[in-house]
Amino acid sequence: MPVNAAHTALWPAPHASGAVDATVHVPGSKSVTNRALVLAALAAEPGWLRRPLRSRDTLLMAGALRAMGVGIEEGVGPDGSGEAWRVIPSGLHGPATVDVGNAGTVMRFLPPVAALADGPIRFDGDPRSYERPLHGVIDALRALGARIDDDSRGALPLTVHGSGALEGGPVEIDASSSSQFVSALLLSGPRFNQGVEVRHTGSRLPSMPHIRMTVDMLRSIGAQVDTPESGGEPNVWRVTPGALLGRDLTVEPDLSNAQPFLASALVTGGRVVIPDWPLRTTQPGDKLREIFTEMGGSCELTDRGLEFTGSGSIHGIDVDLGEVGELTPGIAAVAALADSPSTLRGVAHLRLHETDRLAALTKEINELGGDVTETADGLHIRPRALHGGVFHTYDDHRMATAGAIIGLAVDDVQIENVATTAKTLPDFPDLWTGMLGN
Ligand SMILES: O=C(O)C1=C[C@@H](OP(=O)(O)O)[C@@H](O)[C@H](O)C1
Ligand SMILES: C=C(OP(=O)(O)O)C(=O)O
């Protein structure tokens with residue numbers, strides 16, 4: 001394989017010379033953008049998506065839907081303001097090839113869409129995508145009537161032989177390795193002949209806010225969804241078949257990508273404002289208001305956005321992150337700089353994320369002089385004086401931002417392949433140096 005210069009490049013993580021005081025406009029949510037694209041593509045009429053995130057994961061989603069026949073055009077929204085995509089649904093068809101990259105949302109949300117297309121849709125992606133769990137989606141689709149060739153591995157690469165429709169109906173899955181299995185089946189459910197009834201049979205289910213996001217977004221375009229929270233059975237979600245409306249949706253800022261900026265206020269005893277922080281949201285990043293407050297900050301939602309202030313001290317935390325697993329790398333980075341130990345629990349499934357995040361965080365923080373140990377389902381972090389060195393990212397955007405957080409407080413930290421932040425936040429290096437006033 002040719003050596004990719006971007007991969008080996010080292011980015012000197014800026015050291016903060018004083019308390020940060022900045023307003024940071026964080027681009028749109030990956031999870032909202034990719035759900036909105038799928039739902040708009042399945043709708044009965046065109047829709048608008050304003051302020052969509054433009055990053056590797058969302059451009060892969062848009063490219064895949066275009067390959068299946070969906071129109072996604074650049075434009076300004078109906079009110080004339082802001083960048084927007086106009087999504088024009090059409091008869092989904094193959095043959096087509098989908099590159100999922102290493103995007104969980106693309107590899108899991110699109111096979112059910114492909115089952116509704118007419119013709120074969122081939123799915124392939126980065127080497128890591130072959131290792132990420134997909135069996136829940138594949139097995140469920142087969143049980144619901146789809147034909148899939150996957151070389152019996154239950155993983156990528158695979159081909160979905162769509163026949164233009166899917167019977168649907170009740171299905172059992174074990175989604176303990178990824179909530180995205182549930183979201184994937186629910187998102188396409190309104191277009192299955194019988195809708196879908198998903199029953200999760202595993203002992204635990206991570207990332208519940210992301211399932212709530214799926215349900216909320218389905219309901220907002222006219223789908224009928226019964227959930228455990230709306231009086232249904234525990235662990236059962238039911239989507240009624242029906243047409244989806246074309247919507248005009250403005251994407252919220254990505255609150256998980258706001259994390260490193262908020263962390264900078266904690267680490268430097270400074271203040272950061274994130275404009276357009278939603279008052280009500282299903283994004284897991286909203287939990288940062290609570291977690292980072294417990295770790296020593298304070299926050300206030302004002303008409304300027306979320307104003308977050310660090311006190312100058314960082315406290316350790318004992319917290320179950322099972323609902324908000326994608327926040328783990330950033331919390332681990334802050335915890336490594338705290339005045340007391342931390343225990344992060346409930347995140348065993350992170351071993352199958354972009355990289356094995358528990359192993360990667362342990363190794364990289366320890367190589368800077370830290371004292372982190374892996375547990376069965378998380379990390380113990382005992383803060384120690386850290387020193388500079390190379391912080392490897394393993395093609396994981398959240399490892400890169402975690403390293404940048406540590407670099408604020410520790411001299412001479414170099415981030416290998418900071419360009420991997422393009423997965424969800426291509427502007428990260430510029431936003432980071434801009435925030436620091438460089
Ligand atoms: O549905 C989504 O948009 C996501 C769900 C979560 O996945 P897992 O349940 O696999 O952790 C999360 O970690 C990921 O970043 C985004
Ligand atoms: C786990 C993540 O992404 P994905 O959507 O690829 O699962 C993440 O963004 O932290």
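Indexing begins at 1, ligand by ligand and atom by atom, following the structure's order. What you are looking at is a predicted structure, and each value in this text was computed from that prediction instead of being measured. In this chain, numbering begins with 1 at the start of the sequence shown.
Between the CG atom in D254 and the OG1 atom in T424 there is a gap of 6.0 Å [rounded to 0.5 Å]. Once rounded to the nearest 0.5 Å, the distance linking CG of L156 with CZ of R128 reads 12.5 Å. Atom CG of D226 sits about 6.0 Å away from atom OG1 of T240, to the nearest 0.5 Å. Atoms OG and CZ, from S29 and R35 in turn, are 8.0 Å apart once rounded to the nearest 0.5 Å. Once rounded to the nearest 0.5 Å, the distance linking CG of L110 with OG1 of T105 reads 8.0 Å.
Here the heavy atom of the protein found nearest to atom 3 (O) of ligand 1 is S31 OG, 2.6 Å. In terms of protein heavy atoms, atom 9 (O) of ligand 1 is closest to S179 OG, 2.7 Å. Counting protein heavy atoms only, atom 7 (O) of ligand 1 is closest to Q180 NE2, 3.6 Å. For atom 1 (O) of ligand 1, the nearest non-hydrogen atom of the protein is R35 NH2, 2.7 Å. Counting only heavy atoms of the protein, atom 8 (P) of ligand 1 lies nearest to S207 OG, 3.5 Å. Scanning the protein for heavy atoms near atom 15 (O) of ligand 1, the closest one is E326 OE1, 2.4 Å. Distance from atom 10 (O) of ligand 1 to its nearest protein heavy atom, with residue and atom name: S178 OG, 2.7 Å.
Applying the side chain to side chain donor-acceptor pair (under 3.5 Å) test to E197 and every residue at least two apart in sequence or in another chain returns R238. In this structure R212 satisfies the salt bridge (charged side-chain N to carboxylate O under 4.0 Å, His left out) test together with E229, sequence neighbours excluded. By the side chain to side chain contact (heavy atoms under 4.5 Å, CB included) test, S188 pairs with L42, P112, V113, L116, F192, sequence neighbours left out.
None of R345, K363, R357, R351 except one satisfies the salt bridge (charged side-chain N to carboxylate O under 4.0 Å, His left out) rule with E374; the exception is R351.
Among all heavy-atom pairs drawn from I148 and L141, the shortest one is CD1-CB, 3.8 Å. Listed here is the closest heavy atom pair of L245 and A43: O-CB, 3.7 Å.
The distance criterion of under 3.5 Å between nitrogen or oxygen atoms is not met by T105 with respect to ligand 1. Residue contacts with ligand 1: H353 is placed with a nitrogen or oxygen under 3.5 Å of a nitrogen or oxygen of the ligand (distance criterion only).
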Next on the checklist: Show, in sequence, the C-alpha distance, side-chain angles and deciding distance for H200 and F181, and conclude whether the ring-ring contact (aromatic ring centres under 6.0 Å, His included) test is met.
Outcome noted: CA-CA 10 Å; H200 164 62; F181 296 172; 9.6 Å; no

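Residue-ligand proximity: M213 is placed with every non-hydrogen atom at 4.0 Å or more from ligand 1.
The side chain of F109, and not its backbone, has at least one atom closer than 4.0 Å to an atom of ligand 1 (non-hydrogen atoms only; side chain from C-beta on). Neither the backbone nor the side chain of S183 comes within 4.0 Å of ligand 1, counting heavy atoms alone. The residue T214 has no part lying near ligand 1, judged by heavy-atom distances below 4.0 Å.
Atoms of ligand 1 lying under 4.0 Å from any heavy atom of H349, numbered from 1 in the order shown and given with element: 11 (O).
Taking the ring centroids of H397 and F428, they lie at or beyond the 6.0 Å cut-off.
Of the options M208, K30, E323, H210, the smallest heavy-atom separation from atom 5 (C) of ligand 1 is shown by H210.
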Enumerate the pairs of nitrogen or oxygen atoms, one from ligand 2 and one from the protein, separated by less than 3.5 angstrom; state names and distance to 0.1 Å.
unit_1   : atom_1 : unit_2 : atom_2 : d
ligand 2 : 3 (O)  : K30    : NZ     : 2.9
ligand 2 : 3 (O)  : E354   : OE2    : 2.9
ligand 2 : 5 (O)  : K30    : NZ     : 2.8
ligand 2 : 5 (O)  : Q180   : NE2    : 3.3
ligand 2 : 6 (O)  : N102   : O      : 3.4
ligand 2 : 6 (O)  : G104   : N      : 2.7
ligand 2 : 6 (O)  : R132   : NH1    : 3.0
ligand 2 : 6 (O)  : K423   : NZ     : 2.8
ligand 2 : 7 (O)  : R132   : NH2    : 2.8
ligand 2 : 7 (O)  : Q180   : NE2    : 3.4
ligand 2 : 9 (O)  : K30    : NZ     : 2.7
ligand 2 : 9 (O)  : E354   : OE2    : 3.4
ligand 2 : 9 (O)  : H397   : NE2    : 3.2
ligand 2 : 9 (O)  : R398   : NE     : 3.4
ligand 2 : 9 (O)  : R398   : NH2    : 2.8
ligand 2 : 10 (O) : R357   : NH1    : 3.0
ligand 2 : 10 (O) : R357   : NH2    : 3.0
ligand 2 : 10 (O) : R398   : NE     : 2.6

